[in-house]
Amino acid sequence: MPVILHDTLSREKRPLLLKPGREVFGMYCCGPTVYGPAHIGNFRTFTLQDVLRRTLEVAGLKVKHVRNITDVDDKTIRGAQAAGQTLGAFTQGWTDKFHADCRALGLLVPHVEPSAIEHIPQQVAMIQALVDRGHAYVAKDGSVYFKVCSCADYGKLTHLDRSKLETQAKNSAGEANDADEYERESASDFALWKSRKPEDGANFWPSPWGEGRPGWHIECSAMSLAHLGATFDLHGGGIDLCFPHHENEIAQSECATGVKGYAAHWFHNAHLMVDGEKMSKSEGNLYTLLQLEAKGFTANELRYVLIGGHYRGPLNFTLAGMEAARPAIAKLERWADRLLALAGFSRADFAAPSSHEVQTTWGRFAPAWDILQEDLNTPGCLGQIFTVVGENGEVSPHQAREDVCGLAKILHALGIVLFVPKPELGVPAAIADLGARRWAAKQAKDFAAADRLRQELTAAGWTMLDRKDGFDLRPL
RNA sequence: GGCGCGGUAGCCAAGUGGUAAGGCCGGGCUCUGCAAAAGCCCCAUGCGUCGGUUCAAUUCCGACCCGCGCCUCCA
């Protein structure tokens, strides 16, 4: 059974299959603009793309995952200037921070992570092709614009009414949509190349039309062409990129190469909300991974939360939701430990299930896998996992081995990690001493003393958890 | 106005033409000197509102009410 996914362009659920004659599934994802810290909304998108890639790989497809870094645009240039840094130094700093977050979240490293600046020749070449083919024109100031009316099926992704394109000279706020692009022939035309302006500082490159810098949309067209070819299998991004970014990408790419069918499948995910509100800096409800970690949450827990809603619907992020992740993951760990013991496996075996003869089986997690493959239903998949976890009854060693293998694979597809080592908490000597004395009192059945010592521990902000053969001390 | 998405228990969130997965919280029980942990059990006659189709609708259709997104550089 292939992975089925909703496609924005056809508005249908369609199977993700290798094209005849091809061996690799090409997947292009719009990456971050590196001008500041990525927030958890950005990571909802990247995490879902990661789950899609993992799911395809578990399903047996060989995937080539390309995710770009946008390191030249208005925001990066402004940010670099405000920071008194070169554009390169500025974007490298934010790129490094982005990568650190990606690692923490367990995002698989893309096979190619192209940067826009490193692909300026390819962008210039594509713009030249568009000019040559009559799909773009050079304005008086040396900027180059894409001629939307030259593209017969412009708007097919978002199902625009072409007759109304011209009326979009104003945006929803009633403001003119012309920005600095006053040389355009039509309000719906968009910039491919922006002529050099004083505020760009040192950030300009030569071109047949004079010095300047690329427009926003062209980078993804050029980089996808360079690394995946004129047509490829899937293109992903946040729902907001649908228009104009992806619409323009299709127009540019198909007009420049003359080949239709730019991306066979469009994968868009809805946005993350925070406490039912749109997440935004002005609302003050914008979270980063670093901020959540400062509150004591882990990246693995954030990942659990981010896949807790279906990708096509908005997900309401709450701190309460973050708090629910830890006990839920702990429940999975306890269950996995029990099954591991029944199966005669260790936790190390769980991390590398492919080494077992049962690697092709899913055990009782076959339904969870089926649900995941059906339009990447991550919350449904999690629900099914817990349904199995909640089942009672005898489990044979053979069944346990199959279950363990199935669970390991499904969690690998989701990217949820069990048994993350927790940093050892340093227990102050005085607290450790109190604990030892209480344990001794308890062993001596001096319960009055034991209770008194427990109270002292509580007063000091610690709690003591008794086991059969010892005790743990934890801060309250 | 155009193109979309959503409204399901205290919170989060799946799903289905035949009367609602799961997680968290909460409650009960078992087990423990105490406490906790753990295990077990319970927790929506109802799925925004009003109509319609149907033997049967939360699920299909229509209208309406809310919330959200995009409509030229926001994942």
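Residue numbering restarts at 1 for every chain, and letters A, B, ... go by the order of the sequence lines.
Sorted by first then second residue, the salt bridge (Lys or Arg N to Asp or Glu O under 4.0 Å) pairs that include residues 362-383 of chain A, not counting sequence neighbours, are K13(A)-E374(A), R312(A)-D375(A), R364(A)-E391(A), R364(A)-D403(A). Within the structure, salt bridge (Lys or Arg N to Asp or Glu O under 4.0 Å) pairs that include any residue of residues 316-328 of chain A comprise E301(A)-R326(A) (at least two apart or interchain). Residue pairs meeting the salt bridge (Lys or Arg N to Asp or Glu O under 4.0 Å) criterion with at least one member in residues 33-51 of chain A, sequence neighbours excluded, are D50(A)-R54(A), D50(A)-R303(A).
Distance noted for atom C1' between G27(B) and C64(B): 40 Å (whole Å). Using atom C1' as the reference point in both C40(B) and G62(B), the two lie 48 Å apart (nearest Å). Rounded to whole Å, the separation between the C1' atoms of C60(B) and U16(B) comes to 12 Å. Taking atom C1' in both A20(B) and C43(B), one finds a spacing of 14 Å when rounded to whole Å. A35(B) and G46(B) have their P atoms separated by 39 Å, with the value rounded to a whole Å.
Side-chain contact of N42(A) with H39(A): a donor-acceptor pair under 3.5 Å is present, judged by distance alone.
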Tabulated below should be each protein N or O lying under 3.5 Å from an N or O of nucleotides 34-37 of chain B; please produce it.
residue : atom : partner : partner atom : Å
C34(B)  : O2   : R454(A) : NE           : 3.2
C34(B)  : N3   : R454(A) : NH2          : 3.3
C34(B)  : N4   : D466(A) : OD2          : 2.5
A35(B)  : N1   : D466(A) : N            : 3.3
A35(B)  : N3   : R454(A) : NH2          : 2.9

Would you list the protein and nucleotides 19-22 of chain B atom pairs, both N or O, that sit under 3.5 Å from each other?
residue : atom : partner : partner atom : Å
A21(B)  : O2'  : T387(A) : OG1          : 3.2

Set out, line by line, the N/O atom pairs under 3.5 Å between protein and nucleotides 26-31 of chain B.
none

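Out of C24(B), A75(B), G39(B), the shortest distance to the side chain of A324(A) is found at C24(B). When the nucleotides A75(B), C40(B), C68(B) are ranked by their closest atom to the side chain of N392(A), C40(B) comes out on top.
Residues from residues 99-107 of chain A placing a heavy atom under 4.0 Å of any atom in RNA chain B do not occur. The stretch residues 246-256 of chain A has no heavy atom under 4.0 angstrom from RNA chain B at all.
Taking side-chain N and O atoms only, N316(A) has no distance below 4.0 Å to OP1 or OP2 of C11(B).
N392(A) meets the side chain to side chain donor-acceptor pair (under 3.5 Å) test with no other residue; sequence neighbours excluded. Under the rule for a ring pair (Phe, Tyr, Trp, His ring centres under 6.0 Å), the partners of F419(A) that lie at least two apart in sequence or sit in another chain are F350(A). Remark: D451(A) pairs with no residue by the side chain to side chain donor-acceptor pair (under 3.5 Å) rule, at least two apart or across chains.
Stems are defined here as 3 or more consecutive Watson-Crick or G-U wobble pairs with pairing distances under 3.5 Å; those involving RNA chain B are B:1-7 with B:65-71, B:10-12 with B:22-24, B:26-30 with B:38-42, B:48-52 with B:60-64.
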